[in-house]
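Okay, so here's the structure we're looking at.
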Amino acid sequence: VQLQASGGGLVQPGGSLRLSCAASGFTLDDYAIGWFREFAGKEREGVACISSVAVSVESTFSANSVKGRFTVSRDTAKSTLYLQMNSLKPEDTAVYYCAAVKEKAPCSIMAPHYYYWGQGTQVTVSS
C-alpha cells in the first residue's frame, strides 16, 4: 500500500499548482484524504481534506491559512485526489504530503488521524 504525492515545483507568487495524490495497492474511494505541509524545521500542518465516497454527503475542509485559495477534489474514475492551489504565496513554500485513512465520517486535518502517508512533493513559491 503506497501513496504518492506529485505535482510540486517552483512557481511565482500569485501562481497556481495542482498536486495529485495517487495510490497503489488499494482504491482511494473508501478513504478520507488529507493534505498536509511541512515547513523546514516545523511540525506538519493540516491544509485540507476530503471525506471518502462512503460518506453520504461529501465533506471537505480547508485550513484558514488556505481557505479560498486551495481546493481539494477527488476523481473517482482515476482514483486520484487533487489539491488545487491558487494565489500562491511565499509562505506556502513547504513539502506537501497526502495521507489516507479508511473511514466513513467527515474528514479531519489532524495528522495523527491518518494511517497511510505518502512521500512529499516540494512546493516553492518564489520570484
Side-chain angles (χ1 to χ4, degrees):
V1 173
Q2 289 186 328
L3 284 177
Q4 180 64 54
S6 61
L10 173 63
V11 63
Q12 292 187 341
S16 298
L17 279 176
R18 189 178 75 163
L19 304 184
S20 300
C21 179
S24 59
F26 64 100
T27 176
L28 287 175
D29 291 355
D30 295 333
Y31 290 76
I33 302 297
W35 285 97
F36 298 83
R37 61 187 181 183
E38 195 169 284
F39 304 106
K42 296 190 177 181
E43 289 186 0
R44 202 163 286 185
E45 173 187 271
V47 174
C49 65
I50 186 167
S51 60
S52 73
V53 298
V55 177
S56 57
V57 179
E58 181 181 85
S59 73
T60 62
F61 183 82
S62 299
N64 288 336
S65 57
V66 304
K67 197 160 290 186
R69 300 189 298 122
F70 291 11
T71 303
V72 59
S73 62
R74 179 191 295 274
D75 185 332
T76 55
K78 296 181 179 179
S79 194
T80 301
L81 280 295
Y82 301 103
L83 182 68
Q84 179 67 43
M85 305 187 296
N86 299 327
S87 302
L88 282 161
K89 305 174 182 179
E91 51 264 43
D92 294 319
T93 296
V95 178
Y96 284 73
Y97 299 85
C98 61
V101 61
K102 190 171 185 178
E103 66 177 4
K104 194 176 178 179
C107 65
S108 164
I109 57 169
M110 301 299 291
H113 186 72
Y114 287 83
Y115 189 76
Y116 298 108
W117 289 83
Q119 292 184 331
T121 184
Q122 175 71 46
V123 172
T124 302
V125 185
S126 175
S127 55

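Side chains included, hydrogens not; waters and symmetry mates left out as well; all remaining heavy atoms used.
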In Å and rounded to the nearest 0.5 Å, what is the [atom1] to [atom2] distance from [X] to [Y]?
X: Leu28; Y: Ile33; atom1: CG; atom2: CD1; result: 4.5 Å
X: Tyr115; Y: Tyr31; atom1: OH; atom2: OH; result: 9.5 Å
X: Ser65; Y: Lys89; atom1: OG; atom2: NZ; result: 8.5 Å

Joint cluster assignment, Ile50 & Leu83, ILVMFWY side-chain distance < 4.5 Å: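 Ile50 clusters together with Leu83.
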Co-membership, hydrophobic cluster, residues Ile109 and Val95, 4.5 Å side-chain: no
Determine all donor-acceptor pairs shorter than 3.5 Å in which one atom belongs to a side chain in residues 9-18; sequence neighbours excluded.
unit_1	atom_1	unit_2	atom_2	d
Ser16	OG	Asn86	OD1	2.9

Going by disulfide (SG to SG under 2.5 Å), name the pairs with one or both residues in residues 59-100, residues two or more places apart or in two chains.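 Those involving residues 59-100 are Cys21-Cys98.
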Test: disulfide (SG to SG under 2.5 Å). Region: residues 42-93. Which pairs qualify, not counting sequence neighbours?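 Residue pairs passing disulfide (SG to SG under 2.5 Å), neighbours aside: Cys49-Cys107.
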With sequence neighbours excluded, tell me which residues meet side chain to side chain contact (heavy atoms under 4.5 Å, CB included) with Ser73. Tyr82
Partner residues of Ala105 under the side chain to side chain contact (heavy atoms under 4.5 Å, CB included) criterion, sequence neighbours left out: Glu103
Salt bridge (Lys or Arg N to Asp or Glu O under 4.0 Å) against Glu38, all qualifying residues, sequence neighbours excluded: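 Only Arg44 meet the salt bridge (Lys or Arg N to Asp or Glu O under 4.0 Å) criterion with Glu38.
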What closest approach, in Å, do [X] and [Y] show between heavy atoms, and which atom pair accounts for it?
X: Leu19; Y: Met85; answer: CG-CE, 3.7 Å
X: Ala23; Y: Leu3; answer: CB-CD2, 3.8 Å
X: Val66; Y: Val47; answer: CG2-O, 3.6 Å

Not counting sequence neighbours, which residues clear ring-ring contact (aromatic ring centres under 6.0 Å, His included) with Tyr96? List them please.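 Partners of Tyr96 by the ring-ring contact (aromatic ring centres under 6.0 Å, His included) criterion come out as none, since no residue qualifies.
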Is Glu91 atom CD crowded by more than 12 heavy atoms from other residues, nucleotides or ligands, each under 6.0 Å away? yes
Which ring pair (Phe, Tyr, Trp, His ring centres under 6.0 Å) pairs, counting each pair once, include a residue from residues 33-74, with sequence neighbours left out? Phe36-Tyr114, Phe36-Trp117
Can you give each donor-acceptor pair under 3.5 Å made by side-chain atoms of residues 120-127, sequence neighbours left out, with the distance rounded to 0.1 Å?
unit_1	atom_1	unit_2	atom_2	d
Thr121	OG1	Gly8	N	3.0
Gln122	NE2	Ala94	O	3.4
Gln122	NE2	Thr124	OG1	3.3

Donor-acceptor pair, distance only, cut-off 3.5 Å: does the side chain of Ser51 make one with the backbone of Pro106?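 Such a contact is absent between Ser51 side chain and Pro106 backbone.
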Side chain of Ser79, backbone of Thr76: donor and acceptor closer than 3.5 Å? no
Not counting sequence neighbours, which residues clear side chain to side chain donor-acceptor pair (under 3.5 Å) with Glu45? List them please. Arg37
Summary of salt bridge (Lys or Arg N to Asp or Glu O under 4.0 Å) pairs that have at least one residue in residues 60-88, sequence neighbours excluded: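 Found Arg69-Asp92.
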Members sharing Met110's hydrophobic cluster (side chains within less than 4.5 Å):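 Reading the cluster by chain and number, Met110 sits alone, since nothing else belongs.
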